[in-house]
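Whatever order the structure lists them in is the order used to number ligands and atoms, beginning at 1. Each residue takes its place number in the sequence, starting with 1.
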Amino acid sequence: MNPKARAWAEINIPNLKENLEQFKNMVPEGTELMPAVKADGYGHGGVIVAKAMAESGIKAFCVASLSEGVALRKAGIDGLILILGYTHPDNFPELVEYGLTQTVVDANYAAELNAFGQDIDVHVGIDTGMRRLGERSENIEAILSIWQYEHLHIKGVFSHLCISDDLSEKAVVFTQKQIKRYNDVVAALREHDLPPFKTHLQGSYGILNYPDLVYDYARVGISVYGVHGEINTQTTAQVDLKPVLSLHSRIASLKNLYKGEPVGYGLTYEAPSDQRLATIAIGYADGYPRALSNCGEALIRGVRVPVVGRICMDQLIVDATAVPDAQVGDQVTFIGTSQNETISAEMVAEKLNTITNELLSALGSRVERVVIE
Ligand SMILES: *Cc1c(COP(=O)(O)O)cnc(C)c1O
């Protein structure tokens with residue numbers, strides 16, 4: 001079966017590897033990358049990207065959930081796989097079975113994990129200001145108490161920056177506070193006679209905006225996929241990000257729309273003049289958001305064309321009048337480049353008033369991932 005028959009995403013492995021190399025060169029000597037491959041590798045295909053990263057020498061990964069970690073192990077990914085989120089006690093056996101490392105989301109959870117009664121590798125989460133997961137950084141006694149548990153093998157202590165992408169003075173002050181709180185916790189722990197543990201704090205923008213910080217790991221996420229979270233993002237360190245994913249579909253049918261006629265569910269668009277419509281085989285169930293109804297754009301034969309009418313679950317309609325030679329079966333690009341025109345993920349995310357992380361991670365399972373080696 002031709003995987004490029006309907007709707008597909010091309011995953012450009014050379015670009016992914018080039019982004020990885022840039023980050024490897026950017027982080028300090030002795031810092032190892034632990035790429036985030038959660039949410040199916042930000043929609044790129046978790047196994048696809050983890051395998052390519054492993055080929056590039058990556059030995060540590062982070063995921064959001066147990067099932068994501070299990071999927072990587074089943075695909076033959078070795079090394080450290082850290083689950084950043086909560087795992088239910090019913091699923092603790094799988095942590096052991098698949099050799100996954102669990103985040104200790106707070107001190108109470110440490111007791112629960114220990115009560116399972118089998119040895120588990122863990123990293124301890126510290127809350128330095130995001131107020132999501134982790135024991136609060138000032139509660140040193142509660143943090144230290146996690147070391148009392150015989151079944152917990154504490155291999156790491158980490159925190160997460162929540163405004164490191166923002167270079168405004170206020171944001172930088174907050175991030176500096178988070179960095180200090182984290183360093184203080186690590187220093188306090190080091191004063192005790194604890195088994196060695198690894199440190200990590202930064203995601204993509206922690207690396208790009210605070211490139212001199214030295215920890216054992218750096219959890220690069222969105223930017224290793226070659227895009228910024230938002231358009232026109234400025235960073236302290238310079239990178240030349242190469243987008244890894246492009247999104248395509250095909251023209252299923254062409255037809256005329258006459259002046260004054262409406263289109264699609266809810267009849268939300270009316271032709272201002274005679275038009276040539278193209279119906280495309282991709283919809284919101286594929287992750288092309290319905291919010292792009294009447295404002296999305298696509299590329300056909302290098303020409304930018306607008307989405308008209310409401311986006312359907314499995315299809316959408318564009319005004320292809322500007323491409324008179326368009327044919328049924330033509331490739332249509334929604335993210336990526338066609339001849340001299342490009343629609344970046346950042347541009348699409350901006351229209352949706354969101355970040356590329358959300359757009360890409362929401363791409364549907366029906367979209368075939370086609371690996372470009
Ligand atoms: C998702 C995530 C990352 C990666 O974040 P990016 O901003 O995509 O680089 C790193 N650390 C944690 C805890 C995360 O949840």
Side-chain angles (χ1 to χ4, degrees), residues 16 19-20 22-24 26-27 31-44 46 49-50 53 58 60-66 68-69 72 80-87 100-106 109 122-135 137 156-167 171 175 178-179 181-182 198-211 213 215-230 233-237 239 241 243-245 345-346 349 354-363:
L16 176 66
N19 297 331
L20 260 184
Q22 291 190 62
F23 279 97
K24 278 189 202 169
M26 191 183 307
V27 295
T31 297
E32 230 185 278
L33 296 180
M34 185 200 288
V37 295
K38 60 196 185 184
D40 205 21
Y42 289 52
H44 293 61
V49 296
M53 289 168 175
I58 296 296
F61 302 88
C62 46
V63 295
S65 70
L66 177 82
E68 291 176 342
L72 294 187
L80 170 64
I81 300 179
L82 173 62
I83 299 171
L84 296 168
Y86 170 80
T87 298
L100 302 168
T101 300
Q102 173 60 43
T103 293
V104 176
V105 304
D106 57 35
Y109 190 71
V122 299
H123 284 204
V124 172
I126 308 293
D127 174 11
T128 51
M130 185 172 186
R131 311 305 173 212
R132 190 173 64 174
L133 293 182
E135 199 56 50
S137 54
V157 174
F158 73 99
S159 187
H160 192 46
L161 303 174
C162 52
I163 195 160
S164 57
D165 56 325
D166 186 337
L167 289 173
T175 300
Q178 283 196 281
I179 294 166
R181 288 170 177 165
Y182 178 66
K198 305 279 193 188
T199 57
H200 45 110
L201 177 65
Q202 303 143 285
S204 295
Y205 291 99
I207 302 169
L208 285 165
N209 288 330
Y210 303 86
L213 295 176
Y215 299 111
D216 294 306
Y217 292 114
R219 302 182 307 264
V220 64
I222 187 65
S223 53
V224 85
Y225 301 98
V227 294
H228 280 301
E230 293 179 83
T233 297
Q234 303 297 319
T235 56
T236 305
V239 267
L241 297 177
V244 175
L245 181 143
E346 289 96 330
T354 186
I355 53 177
T356 56
N357 313 45
E358 182 181 11
L359 174 71
L360 297 174
S361 66
L363 287 180

Based purely on interatomic distance, does G221 place a nitrogen or oxygen under 3.5 Å from a nitrogen or oxygen of ligand 1?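 N/O-N/O distance under 3.5 Å: yes.
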Give the intermediate values and the outcome of side chain to side chain contact (heavy atoms under 4.5 Å, CB included) for residues L66 and L100. CA-CA 8 Å; L66 177 82; L100 302 168; 3.7 Å; yes
Could you check atom 9 (O) of ligand 1 against the protein and tell me its nearest heavy-atom contact, residue, atom and distance included?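 Looking at atom 9 (O) of ligand 1, the protein heavy atom closest to it is S204 OG, 2.5 Å.
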What protein heavy atom sits nearest atom 12 (C) of ligand 1, and how far away is it?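 Checked against all protein heavy atoms, atom 12 (C) of ligand 1 sits closest to H160 CE1, 3.3 Å.
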If you count the atoms of ligand 1 from 1 in the order shown, which ones are under 4.0 Å from a heavy atom of [X]?
{"X": "I222", "value": "6 (P), 8 (O), 9 (O)"}
{"X": "Y42", "value": "1 (C), 4 (C), 5 (O), 6 (P), 8 (O)"}
{"X": "K38", "value": "1 (C), 2 (C), 3 (C), 14 (C), 15 (O)"}

How are the rings of F158 and H200 set relative to one another: parallel (under 30°), tilted (30 to 60°) or perpendicular (over 60°)?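 Parallel: the ring planes of F158 and H200 meet at under 30°.
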Which class fits the ring pair Y182 and Y215: parallel under 30°, tilted 30 to 60°, perpendicular over 60°?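 If you compare the ring of Y182 with that of Y215, the planes turn out perpendicular.
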Region of [X] engaging ligand 1 - heavy atom pairs below 4.0 Å:
{"X": "L84", "value": "side chain"}
{"X": "R219", "value": "both"}
{"X": "N357", "value": "side chain"}

Assess whether side chain to side chain contact (heavy atoms under 4.5 Å, CB included) is satisfied between H160 and L84, documenting all intermediate values. CA-CA 10 Å; H160 192 46; L84 296 168; over 6 Å; no
Measuring from the heavy atoms of Y205, does anything fall under 4.0 Å of ligand 1?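 In this structure, Y205 fails to qualify as a contact of ligand 1 - no heavy atom is under 4.0 Å.
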Applying a strict 4.0 Å limit to heavy atoms, is R132 in contact with ligand 1?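 Right, R132 reaches ligand 1.
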Could you walk me through whether M53 and L16 pass the side chain to side chain contact (heavy atoms under 4.5 Å, CB included) check? CA-CA 8 Å; M53 289 168 175; L16 176 66; 4.0 Å; yes
Do you know which of L80, T199, L33 makes side-chain contact (heavy atoms from CB on, under 4.5 Å) with Y217?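 So, applying the side-chain contact (heavy atoms from CB on, under 4.5 Å) to Y217 and each of L80, T199, L33, only L80 qualifies.
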Test side chain to side chain contact (heavy atoms under 4.5 Å, CB included) applied to Y42 and L245, step by step: CA-CA 10 Å; Y42 289 52; L245 181 143; over 6 Å; no
Please determine whether the number of non-hydrogen atoms from other residues, nucleotides or ligands lying under 6.0 Å from atom NZ of K198 exceeds 12.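 12 or below, so no.
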